[in-house]
Amino acid sequence: MIDTSVIEQLKYDVGDSMAIELLNVFVDESKKLVAQMLASTKPEEIELYAHSLKSSGYSFGATRLAQTCQLIEQQVKVNGLDTEVTTLLKLADAQSKKTFEYMNELIQNH
């Protein structure tokens, strides 16, 4: 679910306290993006939200969520808002909850 080596590299690069601050921002902003993506009925908006989540997910080690968002981005571009995209959106929702819960634990246990 989470590639902890990415988080460890972030801590090494910017220091523990800045890494925790950045993780907080990632979680807060990603929660908003997930909510917007799930609420949208416009394929172009879903594609944009998925793209943003994919990029930030990979940057912060949320690899499963990022991979799912990459699939959403690709599928919605080709097929619009079909049943496969709807299924992927549900998966992204479930993954995001687990991802954010795990990251919040990391932040609190810092």
In one Ile/Leu/Val/Met/Phe/Trp/Tyr side-chain cluster, 4.5 Å: Val27, Val25: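 Different clusters: Val27 never reaches Val25 through Ile, Leu, Val, Met, Phe, Trp or Tyr contacts under 4.5 Å.
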Check whether Tyr58 and Leu23 end up in the same hydrophobic cluster, where Ile, Leu, Val, Met, Phe, Trp and Tyr are linked by side-chain heavy atoms less than 4.5 Å apart.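 No, Tyr58 and Leu23 fall in different hydrophobic clusters.
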Exceeds 12 heavy-atom contacts within 6.0 angstrom, atom CE of Met1: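 Yes, CE of Met1 has more than 12 neighbouring heavy atoms, counting only those of other groups under 6.0 Å.
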Any chance CD of Glu21 has more than 12 other-residue heavy atoms, nucleotides or ligands included, within less than 6.0 Å?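 It does not: Glu21 CD has 12 such atoms or fewer within range.
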Distance (rounded to the nearest 0.5 Å) between [X] [atom1] and [Y] [atom2]:
{"X": "Lys31", "Y": "Thr99", "atom1": "NZ", "atom2": "OG1", "value": "11.5 Å"}
{"X": "Ser52", "Y": "Gln36", "atom1": "OG", "atom2": "CD", "value": "9.0 Å"}
{"X": "Arg64", "Y": "Asp3", "atom1": "CZ", "atom2": "CG", "value": "11.0 Å"}
{"X": "Ile72", "Y": "Leu88", "atom1": "CD1", "atom2": "CG", "value": "5.5 Å"}
{"X": "Gln74", "Y": "Asn79", "atom1": "CD", "atom2": "CG", "value": "11.0 Å"}
{"X": "Leu65", "Y": "Lys54", "atom1": "CG", "atom2": "NZ", "value": "12.5 Å"}

Minimum heavy-atom separation for [X] to [Y], with atom names?
{"X": "Leu91", "Y": "Thr68", "answer": "CD2-OG1, 3.8 Å"}
{"X": "Val14", "Y": "Met18", "answer": "O-CB, 3.4 Å"}
{"X": "Lys11", "Y": "Ala19", "answer": "CG-CB, 3.7 Å"}

Are [X] and [Y] packed together at the side-chain level, in the sense that at least one heavy-atom pair is separated by less than 4.5 angstrom?
{"X": "Leu22", "Y": "Phe60", "value": "yes"}
{"X": "Leu89", "Y": "Val85", "value": "yes"}
{"X": "Glu84", "Y": "Leu71", "value": "no"}
{"X": "Glu47", "Y": "His51", "value": "no"}

So, Lys97 and Asp93, do they make that salt bridge, N to O below 4.0 Å?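 Yes, Lys97 and Asp93 are salt-bridged.
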Verify side chain to side chain contact (heavy atoms under 4.5 Å, CB included) between Tyr12 and Glu8, making sure each step is shown before the conclusion. CA-CA 6 Å; Tyr12 178 80; Glu8 290 305 314; over 6 Å; no
Check the angle between the aromatic planes of Phe26 and Phe100 and answer parallel, tilted or perpendicular using the 30° and 60° thresholds.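 The arrangement is perpendicular - the two ring planes meet at more than 60°.
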Worked verdict on Leu10 versus Val6 for side chain to side chain contact (heavy atoms under 4.5 Å, CB included): CA-CA 6 Å; Leu10 179 65; Val6 173; 5.7 Å; no
Using a distance-only test with no angle check, is there a side-chain donor-acceptor pair under 3.5 angstrom linking Gln108 and Asn104?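 Absent: no donor and acceptor within the cut-off.
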Run Glu29 and Lys32 through side chain to side chain contact (heavy atoms under 4.5 Å, CB included) and show every step you take. CA-CA 5 Å; Glu29 294 303 311; Lys32 293 175 193 172; 3.3 Å; yes
